[in-house]
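To start, the structure under review is shown below, and the notes come after it.
These numbers come from a predicted model, not from an experiment. Counting begins at 1 with the first residue of the sequence.
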Amino acid sequence: MASTFQSKGSSGGGRRTGGGPGGSRGKGKGKGKGGARTVALRRPMTPAERAPVELPTVMTVAELADNLQATGVEVINELIKLGMMANLNQQINYDTAHKVAESLGWETFEEKPEFVDSDVAAFEERALEALDDPDAVSRPPVVTIMGHVDHGKTKLLDSIRSANVAEGEAGGITQHIGAYQVETHGRKITFLDTPGHEAFTAMRARGAQATDVAVLVVAADDGVMPTTREAVAHIKSAKVPLVVALNKIDLPAANPERVKQQLSEIEVVPEEWGGDVPFVEVSAREKLGLDDLLDTLLLVADVNELKANPLKQASGVVIEARVDPRRGPVATVLVQSGTLSEKDAIVAGATWGRIKAMHNDRGKKMRRAEPSTPVEILGLIDVPTAGDRFDAYPDERQAKVIAEQRQKDRRAEALSSTASLTNLAGLSKEIEAGGSAELRVILKADVSGSLGAIQTALLKLNDEVKGDVRLSVTLAAAGGISESDVSLASATRSIIIGFNVRPDVAAKRAADKAHIDIRFYNIIYNLIDEMKLAMTGLLAPVFQDVTDGYAEVRNTFRLPSGDAVAGLYVLDGKVIRNSKARVLRSGTVMFEGTIKSLKRFKDDVREVASGYECGIGLDGFNDLQVGDQLEFFHREEVARS
């Protein structure tokens with residue numbers, strides 16, 4: 001590359017605004033004819049003359065060029081050498097900028113924040129600090145209710161707080177995250193009523209351990225359902241104390257002993273059977289056993305010595321957030337430490353504001369909220385995300401600066417985000433580096449018989465493979481791969497294995513966004529062999545499936561030839577004539593093969609985009625049914641690790 005700096009009298013190159021070698025270099029603020037950017041040139045300083053440059057956490061390529069007194073072309077060329085194609089307006093993080101600066105002969109250091117962000121302290125560390133804090137006092141336990149969709153979670157909470165929450169919601173199903181506080185024997189208990197274990201784990205994936213005790217609601221007449229098993233896996237991965245509420249014991253079909261046996265099979269063993277999980281029989285409808293349940297929750301809280309210091313600046317977690325058409329951004333927050341007061345300046349996630357008003361779960365206005373108290377607050381300038389941390393600060397200026405720092409940090413994290421051990425390639429790198437690792441697996445299969453055989457074979461690998469990698473099964477369940485499975489994988493750093501099952505559209509999008517590795521198999525021996533190779537660091541994948549699109553069968557037709565064709569609506573991506581196709585029925589793979597015909601109206605087409613309808617025939621499969629989902633994919637060769 002020709003030198004950017006040119007001697008006096010030379011032609012071409014950049015536009016000179018200084019008088020000679022001693023002239024100072026501008027920073028791109030001047031404009032030449034036609035609005036072109038003018039860059040002053042000077043002789044390059046030797047490394048001895050250069051003082052270290054302070055760089056922000058995130059910057060554009062143009063800003064880096066200005067800071068390094070270089071042209072955009074020089075910086076872009078160095079980025080290309082690093083394997084990164086960029087333009088002047090593209091943002092890069094400090095680590096990348098530092099490498100570019102080094103190659104151009106500059107020393108750099110990262111810009112220090114004006115204020116220290118208390119968000120860097122983890123929730124667990126604060127909980128440990130509270131035990132040794134002389135000002136820490138006992139606080140109410142925070143309880144999350146989980147379980148199968150119609151086993152009576154909200155009805156149980158409704159009975160406890162004597163307010164008709166369930167009937168006010170569509171179909172009796174919880175539509176949002178709510179936080180409520182009840183009082184018994186002069187002591188308070190805070191309940192988080194969540195739409196399911198997905199929200200519980202999604203919050204934990206963002207570092208928000210908001211729950212002290214989990215209540216698993218199981219209907220005594222129905223028993224353990226697949227959703228119940230998933231909820232148990234989420235609770236165990238969070239290492240939260242568990243209490244089981246056997247609901248609907250007033251019904252004639254109730255069989256508590258059968259439910260206890262089913263739960264014991266998934267390692268939830270009742271105390272009376274020698275386990276460590278309290279079981280309480282209740283009836284939400286008849287309001288039976290509620291006092292026993294509350295007493296058990298207080299007992300578990302006492303055993304865990306829950307404490308917090310109410311004299312500190314408030315901190316906690318955002319439970320729910322939304323925009324109210326009349327009041328603006330509204331957030332439900334749970335105070336975990338300190339006392340939150342009206343007019344406090346707070347930072348919630350990457351937004352900030354001064355609290356204008358606070359209300360409790362019954363709509364009563366509050367001026368102060370102590371630890372374990374849920375409140376609805378007004379005054380934030382934007383809507384935070386559920387699971388975001390919030391912290392109170394002495395003044396608005398500091399809160400604003402901290403919020404801006406967090407925005408920069410999040411952009412930097414997004415620029416440099418890589419999945420660590422949520423894929424097998426990351427595991428192989430960990431092993432090659434000489435580290436020890438745990439391979440966590442979420443196992444989904446089409447039938448329970450296959451599930452048990454695969455789980456047993458996988459766990460045997462811990463004895464067969466001698467090394468620093470151990471395999472553990474985070475969740476094993478029958479059925480298709482759901483968005484809930486991806487959420488659990490993200491929180492527990494697991495990979496997902498599908499045996500004769502595939503993810504739905506939402507799960508595939510979530511997995512791609514979170515960089516979660518999903519492996520698909522239809523032969524048990526191949527599955528076991530590949531996991532064995534992964535544990536020994538010798539995994540060498542040759543091909544991988546790349547999804548082109550998803551479509552849903554809306555109608556089926558039979559041709560005079562006897563072949564079946566289907567009318568499809570393309571849900572996501574596109575259908576390509578040369579793609580392979582999988583037929584998914586309730587997440588289970590019914591067929592995998594090639595496309596025989598693809599038509600729009602009466603015309604043969606090469607591809608159909610998302611949002612359009614088309615007709616399709618599959619080669620060798622005539623059992624398409626309304627409601628089936630079709631996944632279209634092609635295979636790409638990948639480099640061996």
Side-chain angles (χ1 to χ4, degrees), residues 117-119 123 142 144-145 154 165 168-170 173-181 190-211 313-338 340-366 369 371-393 396 399-400 402-407 409-411 413-414 483 487 490-491 510 513:
D117 186 356
S118 61
D119 189 48
F123 279 85
V142 180
T144 296
I145 295 182
T154 302
V165 176
E169 295 170 346
I173 299 174
T174 308
Q175 300 295 317
H176 65 280
I177 297 176
Y180 315 100
Q181 202 165 54
T190 299
F191 286 92
L192 302 184
D193 182 20
T194 72
H197 45 265
E198 296 93 340
F200 173 80
T201 299
M203 290 178 66
R204 197 166 59 82
R206 287 189 286 271
Q209 190 71 293
T211 305
Q313 294 279 3
S315 65
V317 61
V318 177
I319 301 299
E320 180 196 29
R322 69 187 190 281
V323 176
D324 187 285
R326 293 180 296 106
R327 300 183 295 170
V330 178
T332 302
V333 302
L334 175 69
V335 181
Q336 295 182 302
S337 178
L340 188 64
S341 303
E342 204 174 44
K343 297 185 179 178
D344 274 355
I346 70 165
V347 178
T351 187
W352 68 282
R354 182 178 286 277
I355 296 178
K356 296 177 181 176
M358 292 195 302
H359 299 87
N360 66 9
D361 58 284
R362 298 181 186 269
K364 182 181 177 182
K365 193 168 184 179
M366 300 182 67
S372 296
T373 303
V375 287
E376 188 179 74
I377 62 171
L378 304 177
L380 293 173
I381 64 170
D382 203 356
V383 181
T385 304
D388 276 344
R389 285 287 312 278
F390 85 82
D391 293 276
Y393 290 90
E396 287 188 39
K400 182 179 180 181
I402 292 291
E404 290 172 350
Q405 287 174 9
R406 290 192 190 175
Q407 289 170 7
D409 291 343
R410 290 190 177 187
R411 287 199 298 269
E413 186 179 349
E483 195 172 3
S487 176
S490 177
K513 184 177 180 181

Could you report the tightest heavy-atom contact between [X] and [Y], atom names first, then the distance?
{"X": "R389", "Y": "S315", "result": "NH2-CB, 3.7 Å"}
{"X": "A345", "Y": "A399", "result": "CB-CB, 4.2 Å"}
{"X": "V383", "Y": "A321", "result": "CG1-CB, 3.6 Å"}
{"X": "A210", "Y": "V317", "result": "CB-CG1, 3.8 Å"}
{"X": "L334", "Y": "P374", "result": "CD1-N, 4.0 Å"}
{"X": "E342", "Y": "M358", "result": "N-CE, 3.9 Å"}

Are the side chain of [X] and the backbone N or O of [Y] linked by a donor-acceptor pair below 3.5 Å?
{"X": "D324", "Y": "G328", "value": "no"}
{"X": "Q181", "Y": "S372", "value": "yes"}
{"X": "T351", "Y": "D382", "value": "yes"}
{"X": "D344", "Y": "I346", "value": "no"}

Side chain to side chain contact (heavy atoms under 4.5 Å, CB included) between L340 and Q313, intermediate numbers included: CA-CA 7 Å; L340 188 64; Q313 294 279 3; over 6 Å; no

To the nearest 0.5 Å, tell me how far L380 CG sits from K356 NZ.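 If we round to the nearest 0.5 Å, L380:CG and K356:NZ are 10.0 Å apart.
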
Atom pair OG (S490) and CD (E483), whose distance is rounded to the nearest 0.5 Å: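 Those atoms lie 11.5 Å apart.
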
Criterion side chain to side chain contact (heavy atoms under 4.5 Å, CB included) on F191 and I145, from CA distance to verdict: CA-CA 7 Å; F191 286 92; I145 295 182; 4.0 Å; yes

Could you check if a side-chain atom of [X] sits within less than 4.5 angstrom of a side-chain atom of [Y], using non-hydrogen atoms only?
{"X": "T332", "Y": "V375", "answer": "no"}
{"X": "Y180", "Y": "T190", "answer": "no"}
{"X": "W352", "Y": "E396", "answer": "yes"}
{"X": "F390", "Y": "V335", "answer": "yes"}
{"X": "K364", "Y": "H359", "answer": "no"}

Go through the steps to decide whether D391 and R406 satisfy the test salt bridge (Lys or Arg N to Asp or Glu O under 4.0 Å), and finish with yes or no. CA-CA 12 Å; D391 293 276; R406 290 192 190 175; 3.3 Å; yes

Please assess E376 against R327 for the test salt bridge (Lys or Arg N to Asp or Glu O under 4.0 Å), listing each intermediate value before the final yes or no. CA-CA 12 Å; E376 188 179 74; R327 300 183 295 170; 3.5 Å; yes

Walk me through whether I319 and L192 qualify under side chain to side chain contact (heavy atoms under 4.5 Å, CB included). CA-CA 8 Å; I319 301 299; L192 302 184; 4.1 Å; yes

